[in-house]
2 protein chains.
Amino acid sequence: MTTVLVVDDQPLQRYGFRMLLDSVPETDVIGEAAHGTEAVRKAAELRPDVVLMDVRMPGMDGIEATRRIVAAGDRSRVLVLTTFDLDEYVHAALRAGASGFLLKDARPEELLAGIRAVANGDAVIAPALTRRLLHEFARLVPPRADGSAEDPRLASLTDREREILVAIGKGWTNGEIATRFILSESTVKTHVGRVLSKIGARDRIQAVIFAYDHDLVRPHGG
Amino acid sequence: MTTVLVVDDQPLQRYGFRMLLDSVPETDVIGEAAHGTEAVRKAAELRPDVVLMDVRMPGMDGIEATRRIVAAGDRSRVLVLTTFDLDEYVHAALRAGASGFLLKDARPEELLAGIRAVANGDAVIAPALTRRLLHEFARLVPPRADGSAEDPRLASLTDREREILVAIGKGWTNGEIATRFILSESTVKTHVGRVLSKIGARDRIQAVIFAYDHDLVRPHGG
DNA sequence: CGTGCCGTAGTACCCCGGTACTACCCGCCC
DNA sequence: GGGCGGGTAGTACCGGGGTACTACGGCACG
């Protein structure tokens with residue numbers, strides 16, 4: 001039995017969901033909420049397995065409510081519903097920690113299957129959205145994660161030189177690199193010079209860019 | 001009627017797929033292939049709506065075959081099937097241009113629904129994979145796409161200074177910036193100095209890192 | 001054994017980058 | 001009018017970065 005909290009600002013919409021979910025034995029609507037604040041409170045109180053969350057609501061919207069419910073860590077999983085397939089909503093919802101994203105025009109069996117999947121720990125995305133999501137994903141995935149060949153310039157570096165390049169990418173000066181690697185600054189300069197030459201960079205700045213483009217340094221990683 | 005090309009190195013597996021797909025009126029298996037090379041050739045020859053592609057095959061694998069079929073641009077959509085939910089396969093398949101990714105242990109109706117969706121231009125992902133994909137996606141999505149506040153240091157920059165910062169992020173020297181912006185190098189230096197001061201960077205290298213971390217420059221964007 | 005690659009280290013030289021400070025023009029607003 | 005922020009521009013100074021070249025110990029490989 002899967003317990004569900006229905007969140008939508010329109011009473012009629014909530015009624016529809018309740019009718020549908022109560023018509024099958026496997027789901028049980030244990031509560032309703034008309035806006036984000038109420039949703040967060042009821043989620044904490046009722047501990048539903050799944051929260052069926054509308055995005056557009058007056059007051060606190062579904063995204064923020066999702067963020068808080070997920071942050072609360074009560075094991076409730078959030079399935080976000082929206083009328084429009086606006087990209088910002090999808091992105092924001094996923095970053096907020098939603099387990100799924102479906103369109104309101106989904107067929108009843110799709111919705112039920114979605115709830116089942118989410119309750120089961122899986123995730124669901126409306127097919128119409130999946131396509132664009134995959135497109136973006138393919139664009140975002142770091143180059144080295146696929147089957148493409150490694151940049152020959154990178155491959156030409158020795159292990160030491162690669163370490164140096166990473167250090168350059170972190171923004172360290174030659175002096176800092178020397179200190180942290182316990183080397184003389186002369187040695188660092190030699191290494192840096194060879195790195196620049198091998199990757200075809202005219203200065204360390206181009207090397208920093210190269211390092212970022214080739215995912216040698218993590219963003220926001222100091 | 002959806003035409004399908006079945007690609008798998010195991011004859012029995014192909015037989016199973018053919019039985020299933022031919023048992024419903026909406027799909028029609030118009031060909032089979034036992035490895036990547038044959039798949040590419042038959043896809044070009046038969047122009048199927050959907051290619052049901054196994055990943056692991058002797059010789060050319062399903063990923064490379066997918067890449068080539070998609071690159072051929074014959075409107076054939078590729079639905080990748082695998083026994084294992086290995087991340088590398090998923091990434092590689094999506095980058096190769098696959099329209100979907102399902103596990104072989106999917107129930108028959110799931111497979112049929114997947115083929116239907118793919119033929120329809122949508123995309124599908126096995127629920128078990130969707131979860132991890134969303135996790136990664138949330139991690140990859142540029143920070144500014146959600147509801148988080150913009151870095152106050154960025155907000156303190158004037159429009160001109162932001163342009164300068166982007167230019168720094170591209171690796172341009174002061175001289176190059178001066179030339180492209182039609183400014184004197186002195187002016188550029190003045191701007192750069194103010195930018196460094198405002199974002200708290202000790203030198204332009206830290207500024208480059210800042211620009212990348214705040215997504216002001218696109219990777220691989222010269 | 002010699003040859004080459006790698007990592008280490010040094011000297012010498014020059015230039016770009018960054019700082020400090022000043023200066024002028026323009027548009028806006030009190 | 002006067003003040004102010006933003007954009008432009010200049011001079012002077014200096015330190016770090018990059019280049020060129022040399023050098024040597026260790027280690028592998030033919």
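Numbered from 1 within each chain, the chains take letters A, B, ... in sequence-line order.
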Checklist entry - Using a heavy-atom distance cut-off of less than 4.0 Å, which residues of residues 155-163 of chain A contact DNA chain D? => result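 Result for residues 155-163 of chain A: none.
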Item to check | Test side-chain contact (heavy atoms from CB on, under 4.5 Å) applied to B/Arg77 - qualifying residues, sequence neighbours left out | outcome: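 Only A/Arg131, B/Ser99, B/Val118 meet the side-chain contact (heavy atoms from CB on, under 4.5 Å) criterion with B/Arg77.
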Next on the checklist: For B/Val70, give me all partners under side-chain contact (heavy atoms from CB on, under 4.5 Å), at least two apart in sequence or on another chain.
Outcome noted: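 Only B/Thr66, B/Val78 meet the side-chain contact (heavy atoms from CB on, under 4.5 Å) criterion with B/Val70.
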Item to check | Pairing residues for B/Phe17 by the ring-ring contact (aromatic ring centres under 6.0 Å, His included) criterion, not counting sequence neighbours | outcome: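 Scan of B/Phe17 (ring-ring contact (aromatic ring centres under 6.0 Å, His included), adjacent residues dropped) gives none.
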Under 4.0 Å from OP1 or OP2 of [N]: is there any side-chain N or O of [X] that close?
{"X": "A/Thr190", "N": "C/dG7", "result": "no"}
{"X": "A/Ser184", "N": "C/dG10", "result": "yes"}
{"X": "B/His191", "N": "D/dG7", "result": "no"}
{"X": "A/Thr187", "N": "C/dT8", "result": "no"}

Rounded to the nearest Å, what distance is computed from the [atom1] atom of residue [X] to the [atom2] atom of nucleotide [N]?
{"X": "B/Ile164", "N": "D/dA9", "atom1": "CD1", "atom2": "C1'", "result": "14 Å"}
{"X": "A/Arg194", "N": "C/dG7", "atom1": "CZ", "atom2": "P", "result": "8 Å"}
{"X": "B/Leu183", "N": "D/dG6", "atom1": "CG", "atom2": "C1'", "result": "13 Å"}

Salt bridge or not for [X] and [Y], using N-O below 4.0 Å?
{"X": "A/Arg47", "Y": "A/Asp74", "answer": "yes"}
{"X": "B/Arg67", "Y": "B/Glu64", "answer": "yes"}
{"X": "B/Asp54", "Y": "B/Lys104", "answer": "yes"}
{"X": "A/Arg180", "Y": "A/Glu176", "answer": "no"}

Checklist entry - To the nearest 10 degrees, how far apart in direction are the end axes of the helix from C/dC1-D/dG30 to C/dC30-D/dG1, each fit to five base pairs? => result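 Computed angle between terminal axes is 30°.
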Checklist entry - Would you call the rings of B/Phe181 and B/Trp172 parallel, tilted or perpendicular, where under 30° means parallel and over 60° means perpendicular? => result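 Geometry flag for B/Trp172 against B/Phe181: perpendicular rings.
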Next on the checklist: side-chain hydrogen bond (donor to acceptor under 3.5 Å, both in side chains), that's the test. Do B/Tyr15 and B/Asp8 meet it? Break it down for me.
Outcome noted: CA-CA 10 Å; B/Tyr15 178 78; B/Asp8 201 306; over 6 Å; no
Enumerate all atom pairs, one protein N or O and one N or O from nucleotides 15-18 of chain C, separated by less than 3.5 Å.
| unit_1 | atom_1 | unit_2 | atom_2 | d |
| --- | --- | --- | --- | --- |
| C/dG17 | N7 | B/Lys189 | NZ | 3.4 |
| C/dG18 | OP1 | B/Arg204 | N | 2.4 |
| C/dG18 | OP2 | B/Arg204 | NH1 | 2.7 |
| C/dG18 | N7 | B/Lys189 | NZ | 3.1 |
| C/dG18 | O6 | B/Lys189 | NZ | 2.6 |

Checklist entry - What's the shortest heavy-atom distance between A/Ala117 and A/Val124, and which atoms? => result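 Looks like CB-CG1, 3.6 Å.
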Next on the checklist: For B/Lys198 and B/Ser186, find the nucleotide of DNA chain D closest to each by heavy atoms; which residue's nucleotide sits nearer the 5' end?
Outcome noted: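 Counting from the 5' end, the first nearest nucleotide belongs to B/Lys198.
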Checklist entry - Hey, mind stepping through B/Leu81 and B/Val55 against side-chain contact (heavy atoms from CB on, under 4.5 Å) and telling me if it holds? => result CA-CA 6 Å; B/Leu81 289 172; B/Val55 179; over 6 Å; no
